[in-house]
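First the structure, in the form of structure tokens, and then the observations on it.
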Amino acid sequence: MKSRLQEKYRSETVPALMKRFGWKNMMAVPKLKKITVNIGLGEASQNAKLLDTLRRWSSARSPGRRR
């Protein structure tokens, strides 16, 4: 199963890059290997409820790190 971001990259970003740089071959377009989501947790260290909310939010959006 492909992720939503993978589908969007292949259907929108790859053709746009091919057009912009004049590439004829799809294999010339750089591939995505890893997407990293970075969240600042400064305020969450004092608020446990906020930390739980951020944990639920990140697990819903990061399919590789589900627990």
- Do Leu32 and Gln6 have side chains that get closer than 4.5 Å, going by heavy atoms? no
- For Glu7, salt bridge (charged side-chain N to carboxylate O under 4.0 Å, His left out) partners two or more places apart: none
- Message: Within the 4.5 Å heavy-atom criterion, are Val14 and Trp23 side-chain neighbours or not?
- Response: no
- Can you see which heavy atom on Met18 is nearest to which on Asn25, and at what distance? CE-C, 4.0 Å
- Closest non-hydrogen contact found for Met26 with Lys31 is O-NZ, 3.8 Å
